[in-house]
**Student:** 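Structure incoming, see below.
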Amino acid sequence: EDYAKAEADASKAIEADGRDMKALFRRSQALQKLGRLDQAVSDLQRCVSLEPKNKAFQEALRALGSSMHEKMKTMSCTDSKVEQMFQILLDPEEKDTDKKQKAAQNLIVLAREEAGAEKIFQSDGVRLLTQLLDTAKADLMLAALRTLVGLCSGHRSRTMAILVELGAPRLSAVLGVEHEQVSLAACNLLHVMFDSLKEGLQKDFRGKEDAVVLDSSKDLRLLIKHLLELLALEGASAHGRDNALNLLIKVVPRKSPKETNNSLSLWVIDQGLKKILEVGSTVCGAPGSLPVTENSRMSASVLLSKLYDDLKCDAERENFHHLCEDYVRSWFEGHELAGKLRAIQTVSCLLQGPSDAGNRVLELEGIMDSVLSLCASVCEAHQLVAVEALIHAADKAKRASFITANGVSLLKEIYKHSERDSIRIRALVVSAPGAWRDGRSGCAEPLGGAGRAVAVGPGLAYLTFDADVKEEFVEDKAAMQAMFHLAKSEDRSVLYAVASTLVNCTNSYDHEEPDPQMLELAKYAKQHIPEQHPKDKPDFVKRRVRKLLTAGVVSALACMVKSENPALTNSCRELISRRRGEAGAAVTWLLRLCLQALIPLSLEGTEVGQTKAAQALAKITITSNPEMAFPGERIYEVVRPLVSLLHLQRTGLENFEGLMALTNLAGISERLRQKILKEKAVPMIEGYMFEEHELIRLAATECMCNMAMSKEVQELFLAEGSDRLKLMVLYSGEEDEKLRRAASGTLAMLTALHPPICKRIPQV
């Protein structure tokens with residue numbers, strides 16, 4: 001059913017031989033499925049002219065003619081509907097709100113289908129949608145933006161025409177409006193436009209239609225230029241600024257290092273690096289500062305990090321460093337206290353993103369001294385900026401020593417006397433490795449609820465590397481509840497920190513056993529060999545897991561995963577997947593509460609995160625009835641993650657768990673077996689039937705036994721030149737009783753359901 005490739009292959013055959021009847025007929029069938037009926041008719045007419053007496057060609061042409069007539073009828077009906085919907089939406093005297101909402105929804109639904117989108121476009125729809133945008137009414141603007149998404153999806157020439165009609169300044173202005181939903185819808189539209197301009201048409205059009213597709217690189221840069229200008233625009237909303245940053249993160253850097261062209265990133269660095277730093281250096285509440293959210297600086301850090309990682313050589317990186325240093329100097333020199341605050345905030349932003357650039361800037365003369373002096377300021381806002389910069393600066397041994405020598409006593413004073421928990425915990429984290437213990441019982445008043453909430457952000461994520469802190473944390477029910485409350489936060493730095501804390505407390509790391517010979521060699525060379533902390537042994541870890549489960553960690557994880565905001569980065573997804581993947585079979589019943597969130601984790605995020613989530617799904621499928629664990633249609637969504645565990649780059653354990661889970665699914669229904677077939681799992685299952693590892697070979701044979709109930713699989717065993725049947729006969733005589741039973745069961749299934757196989761068995 002890959003009609004686009006079928007059409008392409010048939011076209012190549014026709015280029016070689018213009019009278020190739022089969023190729024012409026196959027192409028007409030593919031074109032018909034792709035909705036290009038006029039071209040399909042042309043190919044069929046050619047077939048009829050070459051073989052006038054062929055009844056199959058004549059019948060197909062008649063059927064196609066009738067389809068085209070129906071389509072024309074539908075299109076004429078659609079014309080009137082489109083016109084009617086726009087009249088309702090643009091009529092200022094129309095007071096029926098429900099009628100307007102229905103018209104808007106119908107327009108959006110129509111635009112999602114190619115035929116409907118083209119009809120709206122051809123019916124002067126873009127001009128009318130522009131009028132809806134200009135009304136400045138939120139509901140009409142949302143309808144217009146969502147309809148435009150349908151028009152632009154996967155269609156470059158239409159996207160370019162819409163961009164010319166609307167203009168980049170108008171789109172940028174809509175992105176920067178105060179209404180959060182409208183800004184988000186504009187962000188979605190721009191993302192779709194970027195994808196269409198970069199990737200081009202999803203379908204290959206031949207002939208005249210291809211001639212309208214122009215070079216879109218200028219349009220891309222024009223849109224990006226306006227996004228960069230929006231970042232430093234005082235009139236833009238805080239949400240609009242965040243959406244612009246998130247768009248730039250998604251569309252500017254290369255998707256893969258295999259792509260050689262990083263010119264877009266270089267252009268953005270030259271044209272807009274200082275505008276990005278304007279957001280990163282903003283001090284909330286300062287006079288004349290840009291409107292920002294709690295996520296803005298982190299978004300700026302992520303964008304800067306992505307741009308820096310996209311650079312390919314030392315010269316490009318050196319240019320990046322110089323631009324950052326010049327920007328920090330411009331604020332640090334000659335702007336008195338306000339300028340120094342902006343400079344230090346910029347340093348924090350860089351240290352959270354491209355840390356190499358942040359470390360270079362931190363080495364500039366006077367920066368570290370200013371940070372420490374601001375810690376002594378009576379203004380809490382100044383203290384907060386300075387202490388946070390120290391947290392990010394303290395990762396280097398040289399600077400940690402400088403802070404220890406010059407600032408620990410000052411930080412302890414801040415911890416004791418500051419009235420803001422957010423400042424106290426930051427001072428605590430920088431000044432003492434045993435900060436959590438100090439914070440609960442130490443040198444001053446213990447932290448209140450708000451303090452704990454901040455503590456379980458970046459602070460506790462760092463402190464829980466210490467096994468003693470892990471143990472004390474899981475004993476502190478108030479602290480755990482504060483952390484679970486933060487799971488609902490939209491602050492991406494906190495979400496990642498919460499996930500990191502859970503990974504640390506449950507020891508959900510990738511464990512590699514050290515080579516015994518290397519250990520002996522290290523002892524001989526008198527090298528330090530790290531030893532596991534007694535409280536990180538399996539019994540302690542299991543006890544901590546149980547306490548987290550009792551406290552409600554599963555529902556907190558579900559809240560984190562269901563969040564649709566940009567806070568849920570790929571790295572955050574991986575950490576959550578690790579936490580779930582390590583929970584073990586003893587708590588799979590609890591994981592079922594989160595299945596709705598676990599499935600997306602297995603399909604999005606980093607490769608490690610996807611694998612961990614798929615493993616968790618496999619464990620549930622193996623240890624419980626899949627029909628109860630995945631009720632309704634959800635059971636079909638589980639197949640793809642499980643098939644991903646069969647790929648060659650996965651470990652033997654992952655292959656084994658994937659096969660076991662698919663065996664359970666394949667025994668349930670024909671529809672599930674068809675889904676497994678569609679995901680191209682059968683060749684992989686066959687491959688593992690030759691595996692040397694006994695358990696993997698057995699699991700693959702058992703899976704094939706259940707898959708043999710499908711007619712398509714039965715046909716494979718009858719294929720000429722295939723050794724599939726021979727392998728099953730051989731396995732039926734193996735010493736391993738379970739393998740023997742699985743192979744014999746497969747033969748029993750095949751011969752019962754497909755009698756022609758009976759004749760083949762003696763032959764093999």
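Starting from 1, each residue takes its place in the sequence as its number. Being a predicted model, the structure only gives us computed values, none of them experimental.
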**Student:** I'd like to know whether Arg221 forms a side-chain contact (heavy atoms from CB on, under 4.5 Å) with Ile224, so could you lay out the CA-CA distance, the side-chain angles of the two residues, the decisive distance to 0.1 Å, and finally the verdict.
**Tutor:** CA-CA 5 Å; Arg221 296 200 176 197; Ile224 291 172; 5.6 Å; no
**Student:** Let me have the donor-acceptor pairs involving side chains of residues 159-178, under 3.5 Å, with sequence neighbours excluded, atom names and distances please.
**Tutor:**
from: Thr159; atom 1: OG1; to: Cys152; atom 2: O; distance (Å): 3.2
from: Thr159; atom 1: OG1; to: His155; atom 2: O; distance (Å): 2.7
from: Arg170; atom 1: NE; to: Asp134; atom 2: OD1; distance (Å): 3.3
from: Arg170; atom 1: NH1; to: Leu166; atom 2: O; distance (Å): 2.8
from: Arg170; atom 1: NH2; to: Asp134; atom 2: OD2; distance (Å): 3.4

**Student:** Could you check whether any side-chain heavy atom of Leu142 comes within less than 4.5 Å of a side-chain heavy atom of Gln181, counting everything from C-beta outward?
**Tutor:**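 A side-chain contact under 4.5 Å exists here.
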**Student:** Spell out, as yes or no, whether a donor-acceptor pair under 3.5 Å connects the side chain of Thr293 to the backbone of Asn295.
**Tutor:**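 The answer is yes, because a donor-acceptor pair under 3.5 Å joins these two groups.
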**Student:** The test is side chain to side chain donor-acceptor pair (under 3.5 Å); show your working for Asn261 and Ser263 and say whether it passes.
**Tutor:** CA-CA 6 Å; Asn261 185 4; Ser263 59; 2.7 Å; yes
**Student:** Run the side-chain contact (heavy atoms from CB on, under 4.5 Å) test on Trp331 and Leu341 for me, step by step, so that the C-alpha distance in whole Å, both residues' side-chain angles and the decisive distance to 0.1 Å come before the verdict.
**Tutor:** CA-CA 8 Å; Trp331 280 110; Leu341 278 173; over 6 Å; no
**Student:** Sub-3.5 Å donor-acceptor pair from the side chain of Ser301 to the main-chain atoms of Cys349, do we have one?
**Tutor:**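 Confirmed, Ser301 side chain pairs with Cys349 backbone.
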**Student:** Counting C-beta onward and ignoring hydrogens, is there a side-chain heavy-atom pair between Asn319 and Leu311 closer than 4.5 Å?
**Tutor:**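 Asn319 does not reach Leu311 side chain to side chain.
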**Student:** Specify the closest pair of heavy atoms between Pro354 and Ser305, including all atoms of both residues, with the distance to one decimal.
**Tutor:**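 Taking every non-hydrogen atom into account, CD-N, 3.7 Å.
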**Student:** For Arg640, I'd like to know if atom CZ has over 12 heavy atoms of other residues, nucleotides or ligands within 6.0 Å.
**Tutor:**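 Counting neighbours around CZ of Arg640, 12 or fewer heavy atoms of other residues, nucleotides or ligands fall under 6.0 Å, so no.
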**Student:** Just do the salt bridge (charged side-chain N to carboxylate O under 4.0 Å, His left out) check on Lys306 and Asp309 with the steps written out, would you?
**Tutor:** CA-CA 5 Å; Lys306 293 272 187 185; Asp309 291 343; over 6 Å; no
**Student:** Between CG of Leu110 and OG1 of Thr147, what distance do you get to the nearest 0.5 Å?
**Tutor:**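 The OG1 atom of Thr147 is 9.0 Å from CG of Leu110, to the nearest 0.5 Å.
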**Student:** Side-chain contact test, heavy atoms from C-beta onward, threshold under 4.5 Å: evaluate it for Leu190 versus Leu227 and give yes or no.
**Tutor:**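 Side chain of Leu190 against side chain of Leu227, heavy atoms only: contact under 4.5 Å found.
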**Student:** Are Trp267 and Val252 close enough that some pair of their side-chain heavy atoms sits under 4.5 Å apart?
**Tutor:**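 No. Closest side-chain heavy atoms not under 4.5 Å.
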**Student:** Applying ring-ring contact (aromatic ring centres under 6.0 Å, His included), can you list everything that pairs with Phe121, at least two apart in sequence or on another chain?
**Tutor:**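 Listed in chain order: nothing, the list is empty.
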**Student:** Out of curiosity, Ser183 OG to Arg241 CZ, how far, rounded to the nearest 0.5 Å?
**Tutor:**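 Nearest 0.5 Å value for the OG-CZ distance: 10.5 Å.
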**Student:** Nearest 0.5 Å, please: how far is CG in Leu264 from CD in Glu259?
**Tutor:**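 One finds 11.0 Å between CD of Glu259 and CG of Leu264.
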**Student:** Output the distance between atom CG (Leu307) and atom CZ (Phe320), rounded to the nearest 0.5 Å.
**Tutor:**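 It comes to 6.5 Å.
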**Student:** Less than 4.0 angstrom from a charged side-chain N to a carboxylate O is my criterion; do Glu229 and Lys225 meet it?
**Tutor:**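 Salt bridge present between Glu229 and Lys225.
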**Student:** Phe630 and Ile635: which non-hydrogen atoms are nearest, and at how many Å?
**Tutor:**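 Minimum heavy-atom separation between Phe630 and Ile635: O-CB, 3.4 Å.
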**Student:** How long is the straight-line distance from CZ of Arg146 back to CG of Asn188, given to the nearest 0.5 Å?
**Tutor:**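 Separation between the atoms: 9.0 Å.
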**Student:** Heavy atoms, side chains only, cut-off 4.5 Å: are Val302 and Leu245 in contact?
**Tutor:**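 Side-chain contact under 4.5 Å: no.
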**Student:** Could you go through Leu231 and Glu278, starting from their C-alpha distance and side-chain angles, then the distance that decides it, and tell me whether this counts as side-chain contact (heavy atoms from CB on, under 4.5 Å)?
**Tutor:** CA-CA 8 Å; Leu231 296 181; Glu278 280 289 311; over 6 Å; no
**Student:** Is there a donor-acceptor pair closer than 3.5 Å between any side-chain N or O of Thr135 and the backbone N or O of Leu132?
**Tutor:**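 Yes.
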**Student:** Please answer whether the main-chain N or O of Gly154 pairs with a side-chain N or O of Ser196 as donor and acceptor at a distance below 3.5 Å.
**Tutor:**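 Such a contact is found between Ser196 side chain and Gly154 backbone.
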**Student:** Please report the C-alpha distance between Ser299 and Ser296 in whole Å, then the side-chain angles of each, then the deciding distance to 0.1 Å, and finally whether the side chain to side chain donor-acceptor pair (under 3.5 Å) criterion is met.
**Tutor:** CA-CA 5 Å; Ser299 295; Ser296 299; over 6 Å; no
**Student:** Give a yes or no on whether the backbone of Pro253 and the side-chain of Asp310 come within a donor-acceptor separation of less than 3.5 Å.
**Tutor:**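 No.
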**Student:** Please examine the side chains of Tyr327 and Arg342, heavy atoms only from C-beta on, and report whether any two atoms are closer than 4.5 Å.
**Tutor:**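 Answer yes - side chains close enough.
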**Student:** Check whether Arg158 reaches the backbone of Leu151 with its side chain - one donor and one acceptor, N or O, closer than 3.5 Å.
**Tutor:**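 Present.
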**Student:** Would you confirm whether Asn243, through its side chain, and His239, through its main-chain N or O, come within 3.5 Å as a donor-acceptor pair?
**Tutor:**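 Between the backbone of His239 and the side chain of Asn243 there is a qualifying donor-acceptor contact (under 3.5 Å).
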**Student:** Would you name the heavy atoms of Gly358 and Leu350 that are closest together and state the gap between them?
**Tutor:**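 For Gly358 versus Leu350, the nearest heavy atoms are CA-CB, 3.6 Å.
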**Student:** Find out whether Gln352 and Met298 are in side-chain contact, i.e. whether some heavy atom of one side chain is under 4.5 Å from a heavy atom of the other.
**Tutor:**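 SC-SC contact between Gln352 and Met298 confirmed.
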**Student:** Are side-chain heavy atoms of Leu273 and Leu277 found at a separation under 4.5 Å?
**Tutor:**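 Leu273 reaches Leu277 side chain to side chain.
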**Student:** Do you know the tightest heavy-atom contact between Lys275 and Leu228?
**Tutor:**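 Nearest heavy atoms, Lys275 then Leu228: CD-O, 3.1 Å.
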**Student:** Between Lys198 (side chain) and Met193 (backbone), is there a donor-acceptor pair under 3.5 Å?
**Tutor:**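 It does not hold such a pair.
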**Student:** For Glu234, I'd like to know if atom CD has over 12 heavy atoms of other residues, nucleotides or ligands within 6.0 Å.
**Tutor:**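 Atom CD in Glu234 is not packed in, count stays at 12 or less.
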**Student:** Under the salt bridge (charged side-chain N to carboxylate O under 4.0 Å, His left out) test, which residues partner Glu637, sequence neighbours left out?
**Tutor:**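 By the salt bridge (charged side-chain N to carboxylate O under 4.0 Å, His left out) rule, Glu637 matches no residue at all.
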